[in-house]
Amino acid sequence: MQVPASFEYQRAQSVEEALELLGRFGEEARVLAGGHSLLPMMKLRLAGPEVLVDINDLTELDHIDETGGELRVGALTRHRTLLESPLVGRHFPIIHDAERVIADPPVRNRGTIGGSLCQADPSEDLSAVCAALHAVAVIRGSDGERSVAMTDFHRGPYETAVGAGEMLTEVRFPVRPGSGSAYEKLERKAGDWAVAAAGVALCLEDGRMTHVGVGLAAVGAGGLHAEAVQELLEGGEPSPELFEEAGRVASASCSPVTDSRGPADYKRHLAGELTKRALRRAVARAAAPAAAVREG
């Protein structure tokens with residue numbers, strides 16, 4: 001039987017109380033939301049927090065609102081809520097693409113966007129999606145609130161910009177006209193971690209691609225923000241030749257490892273192929289937003 005080491009359990013009733021607890025216990029405390037990543041790691045003794053701060057009563061962190069040209073999603077918003085939101089699907093079909101292939105219904109019913117991002121697993125779907133969408137993370141601590149771009153939020157495998165005594169409270173996505181996005185994932189079986197995955201988001205302005213974002217999953221931590229692919233595509237006119245080059249650059253810029261899900265060369269090939277597929281769908285959705293709404 002796998003059991004975690006002993007720990008203290010605290011259930012916060014407000015964000016202020018959660019921050020007070022996190023500040024009091026410092027590095028020894030972890031936030032508990034859905035728990036689908038943290039608890040298995042604790043059972044395997046890969047994580048050993050001395051205190052768990054349960055935030056499931058903090059309904060103020062469970063929301064989806066459009067305001068000020070942004071879609072604002074509370075950190076406690078469940079995967080299922082994201083999947084079932086027409087507002088999310090209308091603006092960001094990439095999120096619906098990803099949510100459909102995240103684990104299984106029990107996980108989607110309980111897991112949260114904040115928990116997914118704070119886990120910072122290089123194979124995690126929403127991290128790649130948020131990277132592609134140029135999302136901004138809102139982090140709150142005792143000194144107030146700060147906004148961190150997703151490129152700075154992920155600092156490495158299982159490491160984020162959220163410090164001791166802080167917590168992620170919201171994720172903000174810029175809403176832009178003429179946008180399209182898509183997520184492509186290959187998995188060994190339904191609900192599994194990706195063998196490889198790619199997310200693309202962009203806008204079409206006068207026939208050219210702008211605000212391009214590309215995020216890769218399960219092909220090395222360095223692929224999460226595929227900046228070389230973004231730079232190649234930014235300002236370009238969609239074409240089969242450009243898409244082929246984008247796939248080649250995606251393959252070259254990632255660093256997968258050989259494991260039980262496949263050899264590194266195969267994953268590198270997938271990174272390129274899935275990037276091309278996601279790119280084609282993102283462009284098609286940007287060109288025909290009404291059709292994208294029906295599809296998503």
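All heavy atoms count here, side chains included; hydrogens, waters and symmetry mates do not. We count residues from 1, following the sequence as given.
Side chain of Thr169 to backbone of Val138: a donor-acceptor contact under 3.5 angstrom is found. In this structure, Ser85 contributes its side chain and Leu82 its backbone to no donor-acceptor pair below 3.5 Å. Glu17 contributes no side-chain N or O that, together with a main-chain N or O of Ala12, makes up a donor-acceptor pair within less than 3.5 Å. Checked by atom type and distance alone, the side chain of Thr81 never pairs as donor or acceptor with a backbone atom of Thr77 at under 3.5 Å. Formation of a donor-acceptor pair under 3.5 Å by the Thr160 side chain with backbone atoms of Cys118 is not found in this model. Side-chain atoms of Arg285 come within 3.5 Å of backbone atoms of Ser181 as a donor-acceptor pair (strictly under, hydrogens ignored). Lys276 places no side-chain N or O within 3.5 Å of a backbone atom of Ala246 that could act as its donor or acceptor partner.
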Practice task
Verify side chain to side chain contact (heavy atoms under 4.5 Å, CB included) between Glu70 and Val175, making sure each step is shown before the conclusion.
Solution key: CA-CA 5 Å; Glu70 296 177 321; Val175 175; 5.6 Å; no

Exercise for the section: Using the salt bridge (Lys or Arg N to Asp or Glu O under 4.0 Å) rule, take Lys189 and Glu187 through it: C-alpha gap first, then chi angles, then the decisive distance, then the call. Expected result: CA-CA 5 Å; Lys189 59 183 179 180; Glu187 51 195 347; over 6 Å; no

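Between Arg268 and Asp265 there is a salt bridge, since a side-chain N of the basic residue sits under 4.0 Å from a carboxylate O of the acidic one. A salt bridge links Asp97 with Arg281: the closest approach of a Lys/Arg side-chain nitrogen to an acidic carboxylate oxygen falls below 4.0 angstrom. We find that Arg277 and Glu273 are joined by a salt bridge, their nearest charged nitrogen and carboxylate oxygen being less than 4.0 Å apart. Ion pair Asp65/Arg172 not flagged as a salt bridge, since none of the NZ, NE, NH1 or NH2 atoms sits closer than 4.0 Å to an Asp/Glu carboxylate oxygen. A salt bridge does not link Glu205 to Arg208: none of the charged side-chain nitrogens sits closer than 4.0 Å to a carboxylate oxygen.
No option in Val53, Ile55, Val162, Val51 other than Val53 meets the side chain to side chain contact (heavy atoms under 4.5 Å, CB included) test with Leu22. Of the options Glu84, Glu99, Arg110, a side-chain hydrogen bond (donor to acceptor under 3.5 Å, both in side chains) to His79 is made by Glu99 and by none of the others.
Leu52 and Val31 end up in different hydrophobic clusters when Ile, Leu, Val, Met, Phe, Trp and Tyr side chains are linked at under 4.5 Å. Residue Val229 is grouped with residue Leu204 when hydrophobic side chains (ILVMFWY) are merged at heavy-atom distances under 4.5 angstrom, including chains of intermediate members. When the side chains of ILVMFWY residues are joined at heavy-atom separations under 4.5 Å, either directly or via intervening members, Leu58 and Leu32 end up in two distinct hydrophobic clusters. Cluster annotation: Leu39 and Leu117 are assigned to distinct hydrophobic clusters (Ile/Leu/Val/Met/Phe/Trp/Tyr, side-chain heavy-atom contacts under 4.5 Å, transitive). Both Ile113 and Ile64 belong to a common hydrophobic cluster when Ile, Leu, Val, Met, Phe, Trp and Tyr are linked at side-chain heavy-atom distances under 4.5 angstrom.
Atom CG of Asp104 sits in a crowded spot, with more than 12 heavy atoms from other residues, nucleotides or ligands closer than 6.0 Å. Dense packing is recorded around CZ of Arg280, with more than 12 heavy atoms of other residues, nucleotides or ligands lying under 6.0 Å away.
Nearest heavy-atom pair across Asn56 and Arg78 is OD1-NH2, 2.7 Å. The shortest non-hydrogen separation linking Glu166 to Ala161 is OE1-O, 3.8 Å. Across all non-hydrogen atoms, the minimal contact from Cys203 to Ser179 is SG-CB, 3.8 Å. The two residues Lys185 and Asp192 come nearest to each other via the heavy atoms NZ-O, 3.3 Å. Closest heavy-atom contact between Gly34 and Thr112: N-CG2, 4.3 Å.
At a threshold of 4.5 Å between non-hydrogen side-chain atoms, the residues His269 and Ser251 do not count as touching. Annotation: side chain of Leu274 is not in contact with side chain of Tyr183 (no heavy-atom distance under 4.5 Å). A heavy-atom distance below 4.5 Å is found between the side chains of Val136 and Ser147. Within the 4.5 Å cutoff, the side chain of Tyr266 has heavy atoms near those of the Leu186 side chain. Between Val88 and Leu83 the shortest side-chain heavy-atom distance does not fall below 4.5 Å. At least one side-chain heavy atom of Glu60 sits less than 4.5 Å from a side-chain heavy atom of Val15. Within the 4.5 Å cutoff, no side-chain heavy atoms of Pro49 are placed close to those of Phe7.
Side chains of Ser127 and Glu124: a donor on one and an acceptor on the other come within 3.5 Å. Side-chain polar atoms of His211 and Glu234 form no donor-acceptor pair below 3.5 angstrom.
Scored by the side chain to side chain contact (heavy atoms under 4.5 Å, CB included) test, Pro40 finds no partners at all (sequence neighbours excluded). Not counting sequence neighbours, the partners of Ala131 by the side chain to side chain contact (heavy atoms under 4.5 Å, CB included) test are Leu224, His225.
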